[in-house]
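Some notes on the structure that comes next.
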Amino acid sequence: MGGLRVSAAPAPDVISLGCRLNIAESERMKAMLADAGDVVVVNSCAVTSEAVRQTRQAIRRARRARPDARLIVTGCAADIEREQIAAMPEVDGLVANTAKLDPRAWNAPMPEAPPPPTRTRAFIAVQNGCDHACTYCVIPQGRGKSRSLPIPQVLREVESHLAQGAREVVLTGVDVTSWGHDLPDQPPLGRLVGAILDAFPELARLRMSSLDGIEVDDTLFDLFASEPRVMPHLHLSLQHGHDLILKRMKRRHSRADAIDLVARLKARRPDIAIGADLIAGFPTETAEHHAANLSIIEELDIVHGHIFPYSPRPGTPAARMPQVDRATIKARAAQLRERVAARRSAWLTGLVGKPVPVLAERDGSGYAPCYARVRLADGTPPGEIATITPRAIEQGTLI
């Protein structure tokens, strides 16, 4: 008689949607749930109505793929859209966004070290929450007040990831440039970045996620401008190119502020690549306002553009303002994307034929310092920084 075959329980899975902060948090949750058995966690996003729709889709797909698993939803949508998500028949339970990294919420022990990075880049959440009140944004409802990770704790996380093979560290958060505001002496973000670089001379690359340009302090500016290990890639939480719309959004910068910051950086580091978030069709936006949104793309030379069609979020002041019709929002978002694509195409063309160091990922591609995606030769080991000379562009990737 043959022996009895026992099937192992499926491994826990964490599905991450939305921002880089969610990616970093999902890695922590995977480690906490390593021995949890047949469970699937959807780490959700609610920044736009489209993000909520994608969260619902992910929940349904996860249930179809793992019909017997316990399916738990956490993340921003689990707080902001709590009743609607809880009512989905696929969902077995919710964990509050503020509790998702607390092992007590999962009846699990917290690992002493962060998990091995799934990529050669490590995402480290140095800040969470937001103290600002942008009129379109629900994220403070899902993330709470701004909290900063103290420098010694950040250094321990960086050290652990480096020991596990990461070559690039990405500092992330909800409002990264507010890091330190709640700590003793209110240190600026530049102090944290400088401390990481000083403590780890072996760290090859340090990259910043989305920043509020008005809060880039002098030390951080100088590091962006002159430190080769700080990647020449600045992604701005810009949102719009017209001052009146920025005021109605309750943003703290003007168009001129953004232009001045980028001009000063490019004067000292001409190869810096600029990214930005832009919202299309914000309430009260006229054709003139939209034209300013389009023109800021050229003025800042935005080559990494994240375009968001405006969608009203529950309980926000902007949802009560005069709305732009959906067809106009969709058309304006398409125009913004086309304008960014044209700038990006010209920028990538300018990189062809020039040697560039690329950090190899596990999928056969990698990123240049300027965050251009590059396809690598077969067999390039993950984690290697290979200097290559791109010869062509294919579907937005240097090859």
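Keep in mind that this is a model prediction, so the values were computed, not measured. As a basis for the values below, the full set of heavy atoms in this structure was taken, side chains included, without hydrogen atoms, waters or symmetry mates.
Phe221 carries Arg264 over the face of its six-membered ring, with the cationic atom under 6.0 Å from the centre and within 45° of the normal.
Considering only residues two or more places apart in sequence or on other chains, Arg147 meets the side chain to side chain donor-acceptor pair (under 3.5 Å) condition with none of them. Residues satisfying the side chain to side chain donor-acceptor pair (under 3.5 Å) criterion with Thr286, sequence neighbours excluded, are His289.
Of the N and O atoms on the side chains of Asp257 and Ser254, at least one donor lies less than 3.5 Å from an acceptor on the other residue. No hydrogens or angles considered: a donor-acceptor pair under 3.5 Å links the side chains of Glu50 and Gln54. Ser295 and Arg255 share a side-chain donor-acceptor pair at under 3.5 Å. For the residue pair Asp175/His132, the side-chain donor-acceptor check at 3.5 Å is satisfied. Ser146 and Gln127 form a side-chain donor-acceptor contact under 3.5 Å, judged by distance and modelled atom types alone. There is no side-chain donor-acceptor pair under 3.5 Å between Thr55 and Ser44.
Here the two rings, on Phe282 and His240, have centers that are 6.0 Å apart or farther.
Here the side chain of Arg251 pairs a donor or acceptor atom with the backbone of Ser237 at under 3.5 angstrom.
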Considering only distance and modelled atom types, tabulate donor-acceptor pairs under 3.5 Å from the side chains of residues 380-399, sequence neighbours left out.
unit_1: Thr380; atom_1: OG1; unit_2: Ala377; atom_2: O; d: 2.8
unit_1: Glu394; atom_1: OE2; unit_2: Arg375; atom_2: NH2; d: 2.7

